[in-house]
2 protein chains.
Amino acid sequence: MRRAPSRITSSDVAREAGVSQTTVSFVLNGTRGQTIPEETRRRVLEAAKRLDYRPRASARSLAAGRSDVVLLALPGVPISANLSRFIEQFAAALAEYGLSLVTHLAEGRPLPDLCAAVDASAVVSLIPFDDETAQALRRAGAEVVLGAGEQGSAGLQEIGRLQARHIISLGRDRLGYALPGGHASQWRVQERLRGVAAECADSGLAEPVAREVEMDAEAAALAVDDWVAESVTGVCAYNDETAIAVLAGLHLRGLRAPQDIAVIGVGDVATARVSIPALSTIGFDYAEQGRELAQAVAARLDLVSEPVPAVEGIARPRLILRASA
Amino acid sequence: MRRAPSRITSSDVAREAGVSQTTVSFVLNGTRGQTIPEETRRRVLEAAKRLDYRPRASARSLAAGRSDVVLLALPGVPISANLSRFIEQFAAALAEYGLSLVTHLAEGRPLPDLCAAVDASAVVSLIPFDDETAQALRRAGAEVVLGAGEQGSAGLQEIGRLQARHIISLGRDRLGYALPGGHASQWRVQERLRGVAAECADSGLAEPVAREVEMDAEAAALAVDDWVAESVTGVCAYNDETAIAVLAGLHLRGLRAPQDIAVIGVGDVATARVSIPALSTIGFDYAEQGRELAQAVAARLDLVSEPVPAVEGIARPRLILRASA
DNA sequence: TTGAAAGCGCTAACAT
DNA sequence: ATGTTAGCGCTTTCAA
């Protein structure tokens, strides 16, 4: 096999610093239980910097029996600005534990394969793994497998409930639900719808009228027709895109939001703020989630000595109602 | 160091199949120049499957001197549906060469660090790397560094030109440009604007009037005021989000698109199709780009024997004008 | 056609 | 306080 031009190794650094390779390893890893004099430390560090030394990850992983790689699985998940911020945070927090985050966006390949291919020691997802997948991931070498929505469907339902509550608080007593066209995760869709239905039930209202809404004004208008026929006066949409499509459908029928039918989305995408009319939506505040998730991962990899924070609510972002009116 | 529970190794497979570990390696890698009888092959393959054997990536990389990991850097790039499709394709095509794709979405960490941390043998980006970064990546162990927009800024400018051409074809003779609020890649922004300016110049029109537009109807209206004062009748926006903000600004001022001011975006995001009024936009067709990019990467890693396809135009997606009217 | 053996660059016991 | 040494699991040369 063709070999890559060989890089600087820790032996090179050792030679440069005039110490043994072991000492280099100790210094660079801050290995505890070793007493390295400051002078030696400095020499090693300087040599490493001078040579622009970077340990070879594969050698480290092989020797240590574990890699520093954390894999975040986001198959087919649209990356909203919010989620971006979360990823940013998560990566930064992991880095403090010496862990590196990579993401997997493609759906094609079996996750365990990829997991093995990058030698990830932890795999994290924002939706629960089914047991079979979790097992496969463990067999593929992942020590930590964290489906961060593991608390169950409560969180998803809560989104639907919050939407419904808002619409109901506007005095609407017959609700519709806009299902996304295309192929969104059916599990998510159903859970959110269930939340809306639950809130309706709690308020003594009838079941929400669910209709699929494609990203097309004309198609959305058909759904609107149905809702009008059913005297629906408020619509909860699966996401902001779908909600904006509903807005377009209403516009096409000469109806106005929120006067005729109030609409609320989910996601707080940028365009929701400047849609016509402005859209009410549920935003996610991932503020501290990245850090918490990183802690959980590090803890399960035995990388922290401090007391492990409760895993409760991890990656259950705070929900924020952004009412437009 | 705590060791992970040890996984199945190729020696286990060798024992199970009753052959040497070397033979297992030969069979599993389809090493050329070796003559393994079908019977042995079968035994090894079966044993591997029976044990659910997965080679340890770090050991492979260490021994082979190169990993199978390709890193796609997408720092802060919003992942549109189009881009998702591209990533999907790219990953699938890479897999055919035995390469695994991981993506890097966070901006915080220096790319070379991450590159070294995952031991990537190739790093790909959709925008050019500056020389310094490219060098750093090579030193970090990347054999292949591919800034896929490397053909220069022509592609980005072409986007602006296409926008301007459309607006001009609508009979508008004074153009505005809507700069994105927040922190988009200034390089991209300027290149696209340059494209608009170039097209204006070619048509004998004045320089486009550039204004920043935040994601807020009121803020957008201020930009609109400026454009009206300058007799602008057509606006090219950096992206669809900004374009939709402009639409909101127009609406707030009682102006109509495209009658008073025509607007065109970039990105073909889902909401553009159902904005009010519907937005014209420039879409990207990544149809074959994923496969081509994968081929280029594989070729540069000497993984292909066939003639290397021309690198021309790689990841220069076809541009598609989606006129709304 | 197969196997033995020597590393790949690093970590971590175990000396010194 | 530092060095010696034995692997980690695999690829690949060379010998059988």
Side-chain angles (χ1 to χ4, degrees), chain A residues 1-15 17-44 47-48 51 53-68 98 116-117 119 121 140-141 143, chain B residues 1-15 17-44 47-48 51 53-68 98 116-117 119 121 140-141 143:
Chain A
M1 175 171 278
R2 238 181 58 92
R3 304 199 64 75
S6 71
R7 281 158 48 187
I8 307 285
T9 74
S10 78
S11 300
D12 296 330
V13 177
R15 199 174 317 115
V19 299
S20 84
Q21 191 264 4
T22 307
T23 304
V24 173
S25 175
F26 284 162
V27 171
L28 263 36
N29 293 325
T31 308
R32 292 170 38 93
Q34 296 292 328
T35 341
I36 309 281
E38 194 46 46
E39 160 66 9
T40 308
R41 250 184 74 76
R42 207 185 39 69
R43 281 225 312 285
V44 170
L51 299 178
Y53 166 70
R54 287 161 191 279
R56 184 175 281 264
S58 45
R60 271 173 71 90
S61 312
L62 180 57
R66 161 202 288 176
S67 79
D68 296 333
D119 215 356
S121 44
E143 277 181 72
Chain B
M1 174 171 280
R2 240 182 56 94
R3 304 201 62 77
S6 72
R7 283 159 44 188
I8 306 286
T9 74
S10 78
S11 300
D12 295 331
V13 177
R15 199 175 316 115
V19 299
S20 82
Q21 191 262 5
T22 307
T23 304
V24 172
S25 175
F26 285 162
V27 170
L28 264 36
N29 293 324
T31 308
R32 297 180 28 101
Q34 296 292 328
T35 342
I36 310 280
E38 194 47 45
E39 160 65 10
T40 307
R41 250 183 74 76
R42 207 184 40 68
R43 280 225 312 285
V44 171
L51 298 178
Y53 166 69
R54 287 162 192 277
R56 184 175 281 262
S58 45
R60 271 172 71 89
S61 310
L62 181 57
R66 161 201 288 175
S67 80
D68 296 334
D119 215 355
S121 45
E143 278 181 73

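The basis for the numbers below is simple: all heavy atoms, side chains too, and nothing from hydrogens, waters or symmetry mates.
In this entry the distance linking CG of B/L62 with P of D/dC10 reads 12 Å, nearest Å. Rounded to an integer number of Å, the gap from A/R56 CZ to C/dT11 P is 13 Å. The CG-C1' distance, from A/D12 to C/dC8, rounds to 14 Å in whole Å. When the P atom of D/dC10 is taken as reference, atom CD1 of B/I8 falls 10 Å away, rounded to whole Å. One can place CZ of A/R41 at 12 Å from P of D/dT2, the figure rounded to the nearest angstrom. Between the CG atom of B/D68 and the P atom of D/dC10 there is a distance of 13 Å, given to the nearest Å. The distance between atom CG of B/L28 and atom P of D/dT11, rounded to the nearest whole Å, is 8 Å. Separating the CZ atom of A/R60 from the P atom of C/dC10 is a distance of 9 Å, rounded to the nearest angstrom.
Listed by chain and residue number, A/Q21 satisfy the side chain to side chain donor-acceptor pair (under 3.5 Å) test with A/S10 (two or more places apart in sequence, or in another chain). Scored by the side chain to side chain donor-acceptor pair (under 3.5 Å) test, A/S25 finds A/N29 as partners (sequence neighbours excluded). In this structure B/E39 satisfies the salt bridge (charged side-chain N to carboxylate O under 4.0 Å, His left out) test together with B/R42, B/R43, sequence neighbours excluded. Applying the side chain to side chain donor-acceptor pair (under 3.5 Å) rule to B/T23 yields the partners B/S20; only residues at least two apart in sequence or on another chain are considered.
One finds no side-chain N or O of B/T9 lying less than 4.0 angstrom from the OP1 or OP2 phosphate oxygen of D/dG9. The phosphate of D/dG9 has neither OP1 nor OP2 within less than 4.0 Å of any side-chain N or O from B/R7. Using a 4.0 Å cut-off, some side-chain N or O of B/Y53 falls inside it from OP1 or OP2 of D/dC10. When the side-chain nitrogen and oxygen atoms of A/S25 are compared with OP1 and OP2 of C/dC10, none of them lie within a distance under 4.0 Å.
A side-chain donor-acceptor contact under 3.5 Å links B/D119 to the backbone of A/S58.
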Identify the pairs formed between an N or O of the protein and an N or O of nucleotides 1-4 of chain C at a distance under 3.5 Å, and give each distance.
| unit_1 | atom_1 | unit_2 | atom_2 | d |
| --- | --- | --- | --- | --- |
| C/dT1 | OP2 | B/T35 | OG1 | 3.1 |
| C/dT1 | O5' | B/T35 | O | 3.2 |
| C/dT2 | OP1 | B/T40 | OG1 | 2.9 |
| C/dT2 | OP2 | B/T40 | OG1 | 3.4 |
| C/dG3 | OP2 | B/S20 | N | 2.6 |
| C/dG3 | OP2 | B/S20 | OG | 3.2 |
| C/dG3 | OP2 | B/T23 | OG1 | 2.9 |
| C/dA4 | N7 | B/T22 | OG1 | 3.4 |
| C/dA4 | N6 | B/T22 | OG1 | 2.9 |

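By the 4.5 Å heavy-atom criterion applied to side chains, A/D12 and A/T9 are counted as neighbours.
Summarising the geometry of A/G65 relative to B/R56, their closest heavy-atom pair is O-NH1, 3.9 Å, with the distance given to 0.1 Å. When every heavy atom of B/V44 is checked against every heavy atom of B/V24, the shortest pair comes out as CG1-CA, 4.1 Å. The minimum heavy-atom distance between A/S121 and A/S67, with the atom names listed, is OG-O, 2.8 Å.
For the helix from C/dT1-D/dA16 to C/dT16-D/dA1, the end axes, each set by the C1' atoms of five terminal pairs, are bent relative to each other by 40° (nearest 10°).
Taking the side chain of B/N29 as heavy atoms from C-beta on, and the options D/dC10, C/dG9, D/dT11, the nearest nucleotide is D/dT11.
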